[in-house]
Protein chains: 2
Amino acid sequence: MNKDKAKEQLEEYLKSHNYRVTKERFEVLNAAMNYNGHFEADELFAILKSKKSKVSRATIYNTLEVLVNCGLIFKHRFNDNLSRYEKAFGRSRHDHLICLGCGDIIEFVFPQIEVIQKDICKKQNFVPQNSTFQIFGYCKKCQK
Amino acid sequence: MNKDKAKEQLEEYLKSHNYRVTKERFEVLNAAMNYNGHFEADELFAILKSKKSKVSRATIYNTLEVLVNCGLIFKHRFNDNLSRYEKAFGRSRHDHLICLGCGDIIEFVFPQIEVIQKDICKKQNFVPQNSTFQIFGYCKKCQK
DNA sequence: CTGCCTGCAAAACTTTTGCAATGCG
DNA sequence: CGCATTGCAAAAGTTTTGCAGGCAG
């Protein structure tokens with residue numbers, strides 16, 4: 001089952017970095033893996049709280065960073081003043097259309113983007129870690 | 001002269017939208033046009049203040065939004081918790097490499113990106129307003 | 001003159017930090 | 001047991017907002 005593999009991956013990552021394996025970290029992982037779509041830190045906090053979890057905001061932020069670092073979730077900064085996250089486990093590269101009307105985030109896959117990236121980085125002698133292509137505009141529903 | 005054309009463009013934009021033409025807006029425009037590279041809102045505020053300008057933070061934010069809307073500056077959200085701006089006037093499309101080591105922002109031009117964008121938007125029936133391709137990684141200096 | 005725009009200060013919001021308590025290794 | 005991690009609350013930092021006064025049209 002996917003969720004178990006994610007758990008395994010986190011545990012391995014923690015151990016190999018001499019970080020402690022705590023139940024809080026798995027609670028955050030679970031909430032993140034169960035979330036369908038893009039979520040904010042405070043959203044996870046609310047969800048966990050509603051499930052009577054005692055995980056604090058500080059731990060959420062701490063753990064989200066860990067999860068980003070071990071590749072289990074992506075972190076995005078779109079147009080506004082907060083970070084959005086999404087499950088990365090088992091997903092391949094994709095990018096986003098962001099609707100300025102309704103705020104919807106639409107994903108797309110376009111393999112050529114990675115080719116371009118390699119090309120650019122080679123030219124600039126730049127070692128890429130990750131990248132994002134964001135297109136802002138209006139989705140089908142929001143065009144007048 | 002370029003600066004006069006930018007001024008003209010702003011004035012026209014303001015009038016056509018029934019916004020008022022104020023000296024504060026031109027002070028912000030000037031500071032933005034004189035800035036070489038990427039700047040933050042508070043940086044402009046400091047610069048203006050050091051020049052004995054009385055423009056307030058509120059007006060800076062207000063005006064930066066106006067300038068973005070009339071195409072005189074670009075607004076970017078990179079990895080961190082603030083907005084960065086840069087002159088757009090007289091510049092063509094370019095994208096950014098952001099160094100995770102030293103924070104440098106390196107620009108690059110890659111015309112094919114716009115072709116891809118058109119392709120994607122057509123497929124998704126999405127009307128693009130603007131877009132950004134950001135590559136995070138390590139620049140020449142910051143590779144070990 | 002009308003009401004948009006400004007400056008100031010406070011508020012709002014996300015994220016980070018300090019500290020004592022907890023519990024992993 | 002030692003110390004990384006946690007919860008809580010406060011702090012930090014950017015951006016927004018409310019309000020009284022000022023100035024563009």
Side-chain angles (χ1 to χ4, degrees), chain A residues 7 10-32 38-70 73 75-85 103, chain B residues 7 10-32 38-70 73 75-85 103:
Chain A
K7 223 166 151 176
L10 174 58
E11 194 166 339
E12 226 164 272
Y13 175 87
L14 293 173
K15 285 181 176 168
S16 72
H17 285 71
N18 276 2
Y19 293 150
R20 294 199 175 157
V21 176
T22 67
K23 76 173 194 323
E24 287 85 358
R25 284 175 169 156
F26 287 107
E27 282 180 40
V28 175
L29 174 67
N30 249 310
H38 296 78
F39 59 89
E40 308 156 22
D42 214 52
E43 221 170 327
L44 268 209
F45 179 65
I47 288 173
L48 286 170
K49 199 164 197 175
S50 78
K51 292 185 182 166
K52 310 295 176 209
S53 165
K54 293 218 191 86
V55 174
S56 68
R57 239 184 278 267
T59 299
I60 303 252
Y61 279 101
N62 167 347
T63 304
L64 286 175
E65 200 188 323
V66 171
L67 296 182
V68 168
N69 288 337
C70 74
I73 62 175
K75 176 178 180 172
H76 302 292
R77 302 287 319 206
F78 296 127
N79 227 1
D80 44 21
N81 303 321
L82 45 73
S83 300
R84 291 174 209 281
Y85 302 84
Chain B
K7 222 165 149 176
L10 174 57
E11 194 166 339
E12 224 164 274
Y13 175 86
L14 292 173
K15 285 181 177 167
S16 72
H17 285 72
N18 276 2
Y19 294 151
R20 295 203 174 155
V21 176
T22 66
K23 78 174 192 320
E24 287 85 359
R25 285 175 168 160
F26 287 107
E27 283 181 40
V28 175
L29 174 67
N30 250 310
H38 296 77
F39 59 90
E40 307 155 23
D42 214 52
E43 223 169 326
L44 268 209
F45 180 65
I47 289 172
L48 286 170
K49 199 164 198 177
S50 78
K51 293 186 181 166
K52 312 294 175 207
S53 165
K54 294 218 192 88
V55 174
S56 68
R57 241 184 277 267
T59 298
I60 302 251
Y61 279 101
N62 167 347
T63 305
L64 286 175
E65 199 189 324
V66 170
L67 296 182
V68 168
N69 288 337
C70 73
I73 62 176
K75 175 179 181 173
H76 302 292
R77 302 289 319 209
F78 296 127
N79 228 0
D80 44 20
N81 303 321
L82 45 71
S83 299
R84 291 174 209 281
Y85 302 84

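In what follows, chains are A, B, ... by sequence order, proteins preceding strands, each numbered from 1. Keep in mind the model is a prediction, meaning the values are calculated, not measured.
Shown here are the side chain to side chain donor-acceptor pair (under 3.5 Å) partners of A:Glu65, two or more places apart in sequence or in another chain: there are none. Under the ring-ring contact (aromatic ring centres under 6.0 Å, His included) criterion, A:Tyr61 pairs with no residue, sequence neighbours left out. Scored by the salt bridge (Lys or Arg N to Asp or Glu O under 4.0 Å) test, B:Glu40 finds B:Arg84 as partners (sequence neighbours excluded). With sequence neighbours excluded, no residue forms a side chain to side chain donor-acceptor pair (under 3.5 Å) with A:Glu12. The side chain to side chain donor-acceptor pair (under 3.5 Å) test applied to B:Asn81 returns A:Arg77, not counting sequence neighbours. Partners of B:Lys15 by side chain to side chain donor-acceptor pair (under 3.5 Å), not counting sequence neighbours, listed by chain and number: B:Glu11.
Remark: C1' of D:dG21 and NZ of B:Lys54 are 14 Å apart, rounded to the nearest angstrom. We find that CD1 of B:Ile60 is positioned 14 Å from C1' of D:dT14, with the value rounded to whole Å. The distance from atom CG of B:Asn62 to atom P of C:dG7 is 10 Å, rounded to the nearest whole Å. Between A:Phe45 atom CZ and D:dA9 atom C1' there is a gap of 12 Å when expressed in whole angstrom units. With rounding to whole Å, B:Phe39 atom CZ is found 16 Å from D:dT14 atom C1'. The distance between atom NZ of B:Lys49 and atom P of C:dT6, rounded to the nearest whole Å, is 17 Å. The nearest whole Å value for the distance from the NE2 atom in B:His76 to the P atom in D:dT15 is 14 Å.
For DNA chain D, the neighbouring residues in residues 11-31 of chain B, judged by any heavy atom under 4.0 Å, are B:Arg20, B:Val21.
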*Contact pattern, 5' to 3', of nucleotides 11-17 of chain C - B, S or - by protein heavy atom under 4.0 Å*: ---SBBB
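Looking at B:Val28 and B:Val66, their side chains never come closer than 4.5 Å, going by heavy atoms from C-beta outward.
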Please table the atom pairs, donor to acceptor, closer than 3.5 Å between any side-chain atom in residues 19-26 of chain A and protein atoms at least two apart or in another chain.
unit_1, atom_1, unit_2, atom_2, d
A:Thr22, OG1, A:Arg25, N, 3.4
A:Arg25, NH1, A:Arg20, O, 2.8

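Of the inter-residue distances, the one linking B:Thr63 atom OG1 with B:Asn69 atom CG reads 11.5 Å to the nearest 0.5 angstrom. Rounded to the nearest 0.5 Å, atoms OG1 (A:Thr59) and CG (A:Leu44) are 12.5 Å apart. Rounding to the nearest 0.5 Å places OG of A:Ser53 at 10.5 Å from CG of A:Asn30.
Regarding contacts with the backbone of D:dG7, a side-chain N or O of A:Thr59 is found under 4.0 angstrom from either OP1 or OP2.
The rotation axes computed at either terminus of the helix from C:dC1-D:dG25 to C:dG25-D:dC1 lie 30° apart, taking five pairs at each end and rounding to 10 degrees.
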